[in-house]
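Below is one structure; the comments refer to it alone.
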There are 2 protein chains.
Amino acid sequence: MTSMNSPELGTRARNENVILEAAEHVFACHGYRGASVQAIAEAAGLPKSNVLYYVGSKRKLYVALLERMMSRWNAMLDDISEDDDPGEVLEGFIRSKMRLTQRHPQGSRLFAAEVLQGAPFLQEYLHGELREWVRARARVFEHWADKGLMDPVDPVWLIFLIWSATQHYADFEAQILGITDKTALGESEYRSVTEFLCHVILKGCGVRSAARVGPSRDRQAIQSKETI
Amino acid sequence: MTSMNSPELGTRARNENVILEAAEHVFACHGYRGASVQAIAEAAGLPKSNVLYYVGSKRKLYVALLERMMSRWNAMLDDISEDDDPGEVLEGFIRSKMRLTQRHPQGSRLFAAEVLQGAPFLQEYLHGELREWVRARARVFEHWADKGLMDPVDPVWLIFLIWSATQHYADFEAQILGITDKTALGESEYRSVTEFLCHVILKGCGVRSAARVGPSRDRQAIQSKETI
DNA sequence: TATCGACATGACCATTTGGTCAACTCCGTT
DNA sequence: AACGGAGTTGACCAAATGGTCATGTCGATA
């Protein structure tokens, strides 16, 4: 294994991957307490002892998953400035967040389950990094409102609106499938929802939509960013 | 006890209430599997045996809580018709749903946890009653769009938008508190969020806002409805 | 061939799980 | 005073929980 860290993953990396995927699913379904190592092991197709051998403990596994999800989230974030175009920024945010939801629904649900139980493992992150990120964004939004580029809405509520509206399609997938009578949310649904959200939210905030003619430079930038 | 079913609750009713409240909290935090009868009993201040004596089993308790939450939801629902005013209806929906979130955050979280695990106990409801309710609403929205009373947005996505944006303030309370650095969401926050959502969503759908001068007939109707 | 470290896993452990049960108190009726 | 049903609860059970450990297998190096 020391001799090869080449394209083909070593045994360790391969098994850890399998375990992480399985665990993300089980934790997302049942939360931290409700998930059992046995269930994760079965989902991974490995004996329980083997799972513990790789991940150390249930707690470490859970933390590793949360960290992976937060790093995906961080990789999605842009810095923005007052000089940027409000329409482009808002639309970019909506599209990025929606893409995150689409690509990592399990991770999104894992995050939701963690927050539902009071975010015991994410207190620090929420009160630190994320809070500052939101405040920075909020300041810019307020500046835009002052300049008359958008309605003077509460910028924090606006961020939460985008967050919730996109997150919903992962967390409440079961409800959406039940109601729309589909068996899965496909590319076309995600596209349709994204367009809808861009329309309603931008218009609702009095932001003129960014020029939308085919996939723009902006959109490609987002795509390449999200390809972790 | 047979002789008195007067104002003062009997022992049974009183204890069942205590247990339901405690259980709603624990189930909302940890989901069905993650909640233990022991934890519920401690939260209720009763011995485990006593809890089981009243509710029969963990499963029955969980189902009872879901049913209570769905009945609260049903009690909130209006029938609407094409002749109603789109602004009034949309605003009424947002306000009602927000009030439900505010009054029953535990119940909202319980519902979220249930849906997160794939809604095993609510399949029937989602595919039946709720689906029909959404479809009926959607038809009316489409009719309004045809008449030019609102933008031709996908009515189902619109319903989900309202659902998610309001639900968020219960389910992600921990995140919101962490980010806004508050310790609780109070009446003023809920009011502020509600006004924000009404503004953005109505404007975003191209619906002219209903005449808003103080608490209207409409608003009082909603209030009295929600007083279960 | 012997050795070593990564990988694999069944046996096992203390604790907790949901649930049962028998014994008990308490109080209104006879 | 005797009875009976609602309420109360500790003792108990089999099963599942997270985690440890000893015993392996296997392939690369010496």
Side-chain angles (χ1 to χ4, degrees), chain A residues 1-6 8-27 29-66 110 113-114 117 120-121, chain B residues 1-6 8-27 29-66 110 113-114 117 120-121:
Chain A
M1 205 207 92
T2 331
S3 61
M4 66 97 150
N5 38 9
S6 329
E8 318 88 345
L9 301 150
T11 323
R12 171 149 220 120
R14 191 177 352 105
N15 280 341
E16 275 178 350
N17 264 353
V18 172
I19 292 169
L20 285 178
E21 290 315 301
E24 195 169 51
H25 176 238
V26 177
F27 278 126
C29 264
H30 301 292
Y32 179 71
R33 297 210 41 181
S36 80
V37 179
Q38 180 64 48
I40 293 169
E42 274 162 25
L46 294 170
K48 190 179 65 157
S49 315
N50 210 346
V51 171
L52 269 320
Y53 167 73
Y54 280 111
V55 300
S57 74
K58 181 183 176 181
R59 171 177 289 255
K60 283 182 193 167
L61 175 54
Y62 185 71
V63 170
L65 284 170
L66 281 182
L110 174 77
E114 162 67 10
Q117 58 166 331
F121 292 86
Chain B
M1 205 208 95
T2 332
S3 62
M4 66 97 152
N5 38 9
S6 327
E8 319 89 345
L9 300 149
T11 322
R12 170 146 221 125
R14 190 176 354 104
N15 281 340
E16 274 178 351
N17 264 353
V18 172
I19 292 170
L20 285 178
E21 291 315 301
E24 195 169 52
H25 175 238
V26 176
F27 278 127
C29 265
H30 301 292
Y32 179 71
R33 296 211 42 183
S36 79
V37 179
Q38 181 63 47
I40 294 169
E42 274 162 25
L46 293 170
K48 190 178 66 157
S49 314
N50 208 345
V51 171
L52 268 320
Y53 167 73
Y54 278 110
V55 300
S57 75
K58 181 184 176 181
R59 172 177 290 256
K60 282 181 193 167
L61 175 54
Y62 185 71
V63 170
L65 283 170
L66 281 182
L110 175 78
E114 162 68 9
Q117 58 165 331
F121 292 87

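Quick caveat, the model's predicted, so the values are computed rather than measured. Chain identifiers are assigned alphabetically (A, B, ...) following the order of the sequence lines, protein sequences preceding nucleic acid strands; residue numbering begins at 1 within each chain.
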Can you find a side chain N or O atom of Arg12(B) that sits less than 4.0 Å from OP1 or OP2 on dA6(D)?
-> no
Look at Asn15(B) and dA6(D) and indicate whether a side-chain polar atom (N or O) is within less than 4.0 Å of OP1 or OP2.
-> no
Measure the distance from [atom1] on [X] to [atom2] on [N] and round it to the nearest whole Å.
{"X": "Glu16(A)", "N": "dC7(C)", "atom1": "CD", "atom2": "P", "answer": "9 Å"}
{"X": "Leu61(A)", "N": "dG18(D)", "atom1": "CG", "atom2": "P", "answer": "11 Å"}
{"X": "Ile40(A)", "N": "dG19(D)", "atom1": "CD1", "atom2": "P", "answer": "10 Å"}
{"X": "Ile19(A)", "N": "dC7(C)", "atom1": "CD1", "atom2": "C1'", "answer": "12 Å"}
{"X": "Arg59(A)", "N": "dG19(D)", "atom1": "CZ", "atom2": "P", "answer": "9 Å"}

Taking only heavy atoms on the protein side, list every residue of residues 50-57 of chain B lying under 4.0 Å from any atom of DNA chain D, sorted numerically.
-> Asn50(B), Tyr53(B), Tyr54(B)
Under the side-chain contact (heavy atoms from CB on, under 4.5 Å) rule, what do Tyr32(B) and Glu114(B) come out as? Steps first, then yes or no, please.
-> CA-CA 8 Å; Tyr32(B) 179 71; Glu114(B) 162 68 9; 5.7 Å; no
Restricting to non-hydrogen atoms, name the atom on [X] and the atom on [Y] that form the minimum distance, rounded to 0.1 Å.
{"X": "Lys58(A)", "Y": "Arg33(A)", "answer": "NZ-O, 3.6 Å"}
{"X": "Ala23(B)", "Y": "Leu61(B)", "answer": "CB-CD2, 3.6 Å"}
{"X": "Glu24(A)", "Y": "Leu65(A)", "answer": "N-CD1, 3.6 Å"}

Decide yes or no on side-chain contact (heavy atoms from CB on, under 4.5 Å) for Glu21(A) and His25(A), but give the supporting numbers first.
-> CA-CA 6 Å; Glu21(A) 290 315 301; His25(A) 176 238; over 6 Å; no
Residue list, ring pair (Phe, Tyr, Trp, His ring centres under 6.0 Å) with Tyr53(A), at least two apart or on another chain | none
Checking side-chain contact (heavy atoms from CB on, under 4.5 Å) for the pair Lys48(B)/Val51(B): CA distance, chi angles, key distance, verdict?
-> CA-CA 5 Å; Lys48(B) 190 178 66 157; Val51(B) 171; 5.6 Å; no
Classify the angle between the aromatic ring planes of Tyr62(B) and Phe121(B) as parallel (below 30°), tilted (30 to 60°) or perpendicular (above 60°).
-> perpendicular
Per-nucleotide protein contact string for nucleotides 11-17 of chain C, where B marks a base within reach and S marks sugar-phosphate only (heavy atoms under 4.0 Å, - for neither) | B-----S
